[in-house]
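Okay, so here's the structure we're looking at.
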Amino acid sequence: MQPFTYERAASLEAAVAAVAARPGARFIAGGTNLLDLMKFQIETPAHLVDIRHLPLRAIEDLPDGGLRIGALATNTEVAAHPRVKREYGVLARAIVAGATGQLRNKATTAGNLLQRNRCPYFYETSLPCNKRQPGSGCSALGGVTRSLAVVGTSPHCIAQNPGDMAVGLRVLDAAVETIRPDGSQRRIAIGDFHRLPGDRPEIEHPLEPGELVTAVTLPRPPGGTHHYHKVRDRASYAFAIVSVAVVLQKDGTGRVAFGGVAPRPWRVEDAEALLPDGPAAVVKTAFQGATPTVENAFKIPLAERALALALSEGRA
Amino acid sequence: MSLPLSHEISRREVVTAAAVGVAAAGLPPAVGGQAAGSSGSLPLSLTVNGEHRRLDLDTRVTLLDALREHLHLTGTKKGCDHGHCGACTVLVNGVRINACLSLAAMHDGDEVTTIEGFGRPDRLHPMQAAFIAHDAFQCGYCTPGQICSAVAVLAEIEAGVPSHATGDLAAPMTLSSGELRERMSGNICRCGAYSNIADAVVDVAGRP
Ligand SMILES: Cc1cc2nc3c(=O)[nH]c(=O)nc-3n(C[C@H](O)[C@H](O)[C@H](O)COP(=O)(O)OP(=O)(O)OC[C@H]3O[C@@H](n4cnc5c(N)ncnc54)[C@H](O)[C@@H]3O)c2cc1C
Ligand code: SF4
Ligand code: FES
Ligand code: FES
């Protein structure tokens, strides 16, 4: 790791000011992604602002029947929350499909949303990568691409968003609440939170320097049955090759988002409207314009099968 | 793409310097966390296995390195140093985490329990005794992490934490064989002692 200084933030305002004031300063929450990347010197912050002691851990009912999840609530705490298990099952299922018990005990809601990608070339610091070194080129193009994205990519980056929790949040229409260095607060719809790479793949989210995620809010529970299917190379403890989150209503309508296939949780509303027509119709529309490689083209038929499995579970 | 020459030279120089240092001191080269020339060291205090400990550490030192290299509690093992193997599993404030993916500085004021805190050879924790009774290890390298995880898994089930193997999320959690294997999947055993580890945990879980 590169040397850095460390402080424990005493208040929200102090945390935001500390990161905004210093170039190279970063928040650290669970640290399970940031420290991993710092050990590889992919991330080299000069200063860490530890936010874990800020009062952002509560999970509270909202007056409109929704739920507000503090940015520092751990993945375990969210998955074990009685209302999440009962009314937002797709979120609990998505969370426990990711990582391990130990990691979920440490990982936070905001940190999970902001975890960086798992492209093998992003981790190989001797090779070019537009995310790691803007403008250096993309080593994945023409390289080993089996795990990478098939849709929403650009000629500058084809990395997928590796997260599971965000896919569950996407079908629940979650929103991300933040506080900015000037003290103003804003809400960002989960669908706008992860940016597509375009020609600036290094910009992965709309947060400004020093902007702190304070919570994730869920609207009223959507009802229906909740499913999360994750296809991976081993039965546990591996990132998704393809995953699918589904909320299915009795009348056959519902919501669908795919993970492991795009730079953001991939939900296409026009596609999910075709749920009553079956998984093939949904996938055909959801993956319109996809540009898979020879190595990862299998992800599209796999997405269809994962969706079919989720639907058969829902109708059982 | 080619690497700048200066980079190669400086790398070679570093390697040579490290090799000389090792030969002279007869010690392995410093691992990332302990390198000198840091921009900051921090005083911190931990309660480790019930004992109050004060440390003054480079900000880069992980909880794992603090335990092993600075407190000389070498029961906790370093396998991968990246969250992949679970050998470094310890309990912090009663919750299992990977000590390799946490900075010691982040734990100022925390209570840490390592394998040494569970029991000693003359008074073993029931989980330690069950591992011996069931022959649940071969080389033993993963064992401290396995035992810390296993004890925590039973508490997590008790607390209603679901897993990927859980059927009905709303029903009380139980310890089926599928549940156990899923919940212990963050602890890799290279010797493949898994079936005996599972027997040991089920044995302890089944006791009143
Ligand atoms: C071995 C391994 C396997 C894994 N497998 C999976 C998997 O299968 N599925 C999956 O989804 N994930 C997986 N993960 C990733 C894991 O989920 C993330 O590491 C974790 O969720 C990150 O949360 P954290 O709190 O530790 O984040 P940190 O590492 O603390 O932070 C991550 C980033 O978020 C920023 N940040 C944190 N909090 C805030 C905030 N409140 N406001 C603004 N910025 C903030 C930090 O500055 C940093 O840039 C795995 C990780 C490991 C190590
Ligand atoms: S796909 Fe993206 S992350 Fe991977 S090498 Fe190319 S630019 Fe880097
Ligand atoms: S050493 Fe921490 S998980 Fe391997
Ligand atoms: S007993 Fe050898 S690694 Fe598990």
Side-chain angles (χ1 to χ4, degrees), chain A residues 1-8 28-41 46-48 50 52-53 74 76-77 79-82 84-89 92-93 95-107 126-128 136-137 139 226 228 230 234-238, chain B residues 1 3 7 32-33 35-42 58-63 81-84 86 88-92 95-103 105-106 108-109 145 148-149 152-153 156 159-166 168-171 173 178 181-188:
Chain A
M1 279 189 252
Q2 294 284 344
F4 56 86
T5 48
Y6 168 95
E7 75 178 278
R8 208 174 256 203
I28 185 163
T32 61
N33 190 226
L34 188 55
L35 290 172
D36 190 22
L37 294 168
M38 284 167 65
K39 290 182 183 190
F40 289 119
Q41 302 197 9
H47 184 64
L48 289 183
D50 187 348
R52 283 172 325 123
H53 298 270
T74 66
T76 299
E77 287 163 354
H81 189 273
V84 175
K85 288 199 283 188
R86 213 172 45 240
E87 300 170 54
Y88 302 100
R93 297 243 181 248
I95 289 173
V96 298
T100 64
Q102 290 98 311
L103 288 161
R104 293 191 297 268
N105 283 342
K106 193 89 191 316
S126 65
L127 293 174
S136 62
S139 299
H226 291 215
Y228 190 74
K230 180 173 177 181
R234 53 186 185 193
S236 182
Y237 199 7
Chain B
M1 196 227 30
L3 287 165
H7 174 73
S38 141
S39 56
S41 82
L42 278 178
D58 186 304
T59 51
R60 292 170 289 181
V61 176
T62 61
L63 176 61
D81 214 21
H82 285 279
H84 292 258
C88 65
T89 304
V90 296
L91 306 189
V92 172
V95 170
R96 62 173 170 154
I97 65 162
N98 304 93
C100 69
L101 285 187
S102 212
L103 295 172
M106 293 163 73
D108 187 21
C148 289
S149 243
V153 160
E156 286 168 12
V161 176
S163 89
H164 184 59
T166 305
D168 182 356
L169 287 174
M173 308 282 147
R181 281 168 170 76
E182 165 61 28
R183 289 173 189 269
M184 291 292 291
S185 73
N187 293 83
I188 309 290

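Chain letters run A, B, ... following the sequence lines, proteins first, then strands; residues in each count from 1. Only heavy atoms go into these numbers, but all of them, side chains included; no hydrogens, no water, no symmetry mates.
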Quick one: which of B:Gly83, B:Ala105, B:Gly86 has the most heavy-atom pairs under 4.5 Å with chain A, could you say?
B:Ala105
Just by modelled atom types, is the B:Met106 backbone N or O under 3.5 Å from a matching donor or acceptor in the A:Arg8 side chain?
yes
Closer than 3.5 angstrom, by distance alone: can the side chain of A:Lys39 be matched with the main-chain N or O of B:Asp81 as a donor-acceptor pair?
yes
When you look at A:Val96 and B:Glu182, which way does the side-chain contact (heavy atoms from CB on, under 4.5 Å) test go after all the steps?
CA-CA 10 Å; A:Val96 298; B:Glu182 165 61 28; over 6 Å; no
Under the criterion side-chain contact (heavy atoms from CB on, under 4.5 Å), I'd like the reasoning laid out for A:Thr32 against B:Asn98: C-alpha separation, chi angles, the key distance, then a yes or no.
CA-CA 9 Å; A:Thr32 61; B:Asn98 304 93; 5.9 Å; no
Under a 4.5 Å heavy-atom cut-off, does chain B meet the side chain of A:Ile28, its backbone, both or neither?
side chain
Quick one: what part of B:Thr89 sits under 4.5 Å from any heavy atom of chain A, side chain, backbone, both or neither?
side chain
Structural part of A:Ala29 lying under 4.5 Å from a heavy atom of chain B
backbone
Which bit of A:Gln2 comes within less than 4.5 Å of chain B, counting heavy atoms only: side chain, backbone, both or neither?
backbone
For A:Ala92, is it the side chain, the backbone, both, or neither that has a heavy atom closer than 4.5 Å to a heavy atom of chain B?
side chain
Heaviest contributor of heavy-atom pairs below 4.5 Å to chain B, chosen from A:Gly101, A:Gly98, A:Gly31, A:Ala99, is A:Gly101
Structural part of A:Leu48 lying under 4.5 Å from a heavy atom of chain B:
side chain
Residues two or more places apart in sequence or in another chain: which of them pass side-chain hydrogen bond (donor to acceptor under 3.5 Å, both in side chains) with A:Glu7?
A:His47
Test side-chain contact (heavy atoms from CB on, under 4.5 Å) on B:Thr62 and A:Met1 and set out the steps.
CA-CA 11 Å; B:Thr62 61; A:Met1 279 189 252; 4.3 Å; yes
Distance-only, no hydrogens or angles: does the A:Tyr237 side chain make a donor-acceptor pair with backbone N or O of B:Met184 under 3.5 Å?
no
Between A:Lys106 and B:Val92, is any pair of side-chain heavy atoms under 4.5 Å apart?
no
Is it the backbone or the side chain of B:Leu91 that comes under 4.5 Å from a heavy atom of chain A, or both, or neither?
neither
With a 4.5 angstrom heavy-atom cut-off, which part of B:Cys148 approaches chain A: side chain, backbone, both or neither?
neither
Reference residue B:Leu169; test side-chain contact (heavy atoms from CB on, under 4.5 Å); the match among A:Arg86, A:Arg93, A:His226:
A:Arg93
Among B:Asp108, B:Asp168, B:Val153, B:Thr166, the residue with the most heavy-atom pairs under 4.5 Å to chain A is B:Asp108
Of A:Asp36, A:Ile95, A:Thr100, the largest count of non-hydrogen pairs under 4.5 angstrom with chain B goes to A:Asp36
Given 3.5 Å as the limit, does a donor-acceptor pair link the side chain of A:Lys85 with the main chain of B:Gly160, or not?
yes
Could you measure the distance from the CD atom of A:Gln102 to the CG atom of B:Leu101? Nearest 0.5 Å is fine.
10.5 Å
Quick one: do B:Glu156 and A:Asn105 satisfy side-chain contact (heavy atoms from CB on, under 4.5 Å)? Show the steps, please.
CA-CA 10 Å; B:Glu156 286 168 12; A:Asn105 283 342; 3.1 Å; yes
Where on B:Leu42 is there a heavy atom nearer than 4.5 Å to chain A: the side chain, the backbone, both, or neither?
side chain
Heavy atoms only, distances under 4.5 angstrom: which of B:Ala159, B:Pro162, B:Ala152 has the most pairs with chain A? Name it, please.
B:Pro162
To the nearest 0.5 Å, what is the distance between OG1 on A:Thr76 and CD1 on B:Ile97?
11.5 Å
The ring-ring contact (aromatic ring centres under 6.0 Å, His included) partners of B:His82 (sequence neighbours excluded) come to A:Phe40
